[in-house]
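These notes are about the structure you will find just below.
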Amino acid sequence: MDQVRLAKVALSAATFAIDKPYDYLLPAELLETARPGMRVLVPFGAGNRRIEGIILAIADGPQSEKLKAVFSLLDEEPVLDGESIQLALWMRERYFCTVYDAARAMLPAGLYFSLQDRYRLVNQADKEGAYEAAGRSDYARRILDLVYSCGGAAELGQIRGAFGAKDPGPALKSLVDKGVLILETSASRGVGDKTEQVASLLMPPEEALALVAPKRKSAPLRYAVVELLSAVGQASSKEICYFTGASTATLRSLVRSGIVTQEKREVFRRVAVDSPEPAGPVVLNGEQEAAFRGLDALRTGGKSAAALLYGVTGSGKTQVYIRLIQACLADGGAAMVLVPEIALTPQLLHIFTSHFGEEVAVLHSSLRAGERYDEWKRVRAGRARVVIGTRSAVFAPVERLGLLILDEEQEYTYKSENVPRYHARDVAKFRCARSGALLVLGSATPSVESMYLAKSGVYHLFELKNRYNEQALPGVYIADMRQELRRGNGTSVSGLLRQELEANLAHGEQSILFINRRGASRMVTCGECGEVPTCPRCSVYLTYHSANGRLMCHYCGHSEKLPAACPQCGGALSFVGTGTQKVQEELEELFPGVEVMRMDTDTVSATQSHEKLLSRFERERVPILIGTQMVAKGLDFENVTLVGVIAADLSLYVDDYRAGERTFSLLTQVVGRAGRGEKQGRAVIQTYTPENDVITNAAAQDYDRFYDEEIGMRSLRGCPPFRDLFVLTASGAEESRVLRVCMKLRRTLEGWLAQPPYDALGIQLLGPAPASVAKVNNRYRYRLTLSGKNTKSLRALITALVVAAQNDKENRGVSVFADVNPLD
DNA sequence: AGCACGCCGACT
DNA sequence: GTCGGCGTGCTC
């Protein structure tokens, strides 16, 4: 049997059910250049449509009839290294996504190709022949009309647009088959490499100066340019013009004279990070020093390790991180720091740039495509060895990874809600294990899973128990809102909180009030009939956005003008403000003339204004700041001595096993905002359930007790870390069909679970139940939940189930996917 | 998912 | 006859 060289390719067009490495013949002209990690254009399917893929491996295999050949390479260099390819394969097995989905998550959007299909007339002159070939087909004639009117070629998108809902595919195919049209596929990159001209001397400086010196008087600029280049050797053309006053014409004339050469060099677009003064050496206190030593011993221990750094708010975890990174860089390694949300951690970013300057690369989703792409390239080129970023930065192309820090590891933003539905903590573990790096999970309120693993010895545990500078913890008081109601106080400000606010106003100290609501956007309701406008496509209420004066849906993006009156009864509409605005109004009534600053999704649109608001709050000592979760994180203001939590239990009664953990963490963070300076801080927690354990433990800042109670509950209920929840979601336009698919899935599953080897897995099955938001974008969603140990065997079962569901003809119109420990 | 193939009704 | 609608099966 003849052996040929094959490329094993992961395809962008493959669905989960048919995803696997596909074998393609490598044509002779690509044999030398093709390497694993490069993207390729390949023919796929019966129609041989051109699609994008990525080479996973190159191997020899037997020649076969079935084999098709790679069309072309899309990259000159691999965009994924061997470890990343391994990671992509691992993610498919773990998160039930395609290999390409995983690869896509690893690459910056700027590297991403958009494929354009163009249909061109083979022989434009032969118009008659073309229409003859079209025959009686109305569609084919319309396509020809369009192509001719466009000058002989048209984009597929254009044709689709002209056809509306009708699919032009068959008619196009017939025209291509008859040789009238030809399909051209071009790949274009969204963001190009940015280059700049760099000039340098073609000869030794003395020689060059001697050449231009005689004409120094008549051509001073030429002389100045050569003088500058003699001094610095090489400079960008822009800079040369800037410093000497020369024009590009001067430079060109020097190039023509053979004195100077200009070449293109890639430049890296950088995010405007203020370049602070270089920071001095980090001084650690005894506790921090001990943690640093222990962690660094693990880092240099020669094999991969994971550690939990459990340090109370204000204990100075960042200092420890910095020392660890310094040590890692000194050993020639690179370090990564993941944070839950970059916009909320400007202070952290500032500290890191002050220590590591140009070595820092920032990667997060609100960067512009070009910026993100360039930061990615700086990392890949090894020019930035300290990567700071959000969830997706865990895929940064860092070589020689020595240290990976996941700050605030309990945050749920580390879990992706979109394909691929990965958890950055898991991916971080994988990467650290592969490269022998140290994984540090940092938190003031570790997730129950992580603490469990630390207590059972899987993670090394390090604790920072004291606040930096020996600051005392704020005094925490609980206000029982039921009593307030009984006393006739229907507002959201309790007597106690009011009293404390008054005290702060009298002393000129600042207060932060926190509303425990996610999103916290405003809704609209009719005062007459109680109607609340809902999204026509989703089962959620619409929220009001003051920026554009429209009602919007957070799920599908639907937006409509705010109606003047209730569409049902014509009554007057009013805003529902359990949120920040209502509290703001109540406070303004309570304290006339006192400025109350509001910070929520409504007042904050861009990162800019978020920071602007905060800096004004600090600078002008605005007495009261009120906001949603945004105010809970990472804010350190010396003059803030009082923190109030408006509705502490609001996040507690959610149908989610993490509700307690989330509430505890949130309350602890908020309370920690008080008294960061010299003065003693206070916190008031308002709740309708003052006896609730989570609330009392948070008030007492007693993590250990919270953990003990929570872990017992998790064990009892079969939640992580004891079991994982696998959620299968079916969605489709017809509710009855979706439900039927779900029931069938359950029956299939029950059948499988009754037999070996699955009967031994001890799996519990729940559902079908409607998803928490039952309809999104006119698609109904029902879910089936399995709980069990996250083993290879169980994952294989889920994979088989999803594949079977996707292949089942009866399930047409309904899509099925799986997610592990989803957010809701 | 998308595309071809194949079978069937409608219009020419 | 042949165009186009729709159900079925496969994708290196």
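What you see below is based on every heavy atom in this structure, not just the backbone, and it leaves out hydrogens, waters and symmetry mates. Since the structure is predicted, the reported quantities are computational estimates derived from the model, not experimental observations. Sequence lines set the chain letters: A, B, ... in the order given, protein chains first and strands last, and positions in each chain run from 1.
With sequence neighbours excluded, no residue forms a salt bridge (charged side-chain N to carboxylate O under 4.0 Å, His left out) with K429(A). Looking at residues two or more places apart in sequence or on another chain, you find a side chain to side chain donor-acceptor pair (under 3.5 Å) between S392(A) and R372(A).
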Side-chain donor-acceptor distances from residues 40-58 of chain A under 3.5 Å, at least two apart:
unit_1	atom_1	unit_2	atom_2	d
N48(A)	OD1	K68(A)	NZ	2.5
E52(A)	OE2	Y100(A)	OH	2.5

List, one per line, each side-chain donor-acceptor pair under 3.5 Å for residues 761-773 of chain A, sequence neighbours excluded.
unit_1	atom_1	unit_2	atom_2	d
S772(A)	OG	D824(A)	OD2	2.8

Could you list the donor-acceptor pairs under 3.5 angstrom formed by side chains in residues 78-91 of chain A, with sequence neighbours left out?
unit_1	atom_1	unit_2	atom_2	d
D81(A)	OD1	E83(A)	N	3.4
D81(A)	OD1	S84(A)	N	2.9
D81(A)	OD1	S84(A)	OG	2.7

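One finds no side-chain N or O of K66(A) lying less than 4.0 angstrom from the OP1 or OP2 phosphate oxygen of dC10(C).
For the pair Q806(A) CD and dG2(B) P, the computed distance is 13 Å after rounding to whole Å. Atom CG in N807(A) sits about 11 Å away from atom P in dA1(B), given to the nearest Å. In this structure, the CG atom of D101(A) is 13 Å from the P atom of dA1(B), given to the nearest Å. At whole-Å resolution of the value, CG in L11(A) and P in dC10(C) are 18 Å apart.
Within residues 41-55 of chain A, the residues having any heavy atom under 4.0 Å from DNA chain B are, by residue number, A46(A), G47(A), R49(A). If you check residues 809-820 of chain A against DNA chain B, you find no residue with a heavy atom closer than 4.0 Å.
Contacts classified as salt bridge (Lys or Arg N to Asp or Glu O under 4.0 Å) and involving residues 793-803 of chain A (residues at least two apart or in different chains) are given here: E93(A)-R795(A). Sorted by first then second residue, the side chain to side chain donor-acceptor pair (under 3.5 Å) pairs that include residues 27-37 of chain A, not counting sequence neighbours, number zero.
Contact annotation for I18(A): base contact, defined as any heavy-atom pair under 4.0 Å involving a base atom.
Contact check on D101(A) versus R92(A) returns no salt bridge, with no Lys/Arg side-chain nitrogen under 4.0 Å from an Asp/Glu carboxylate oxygen.
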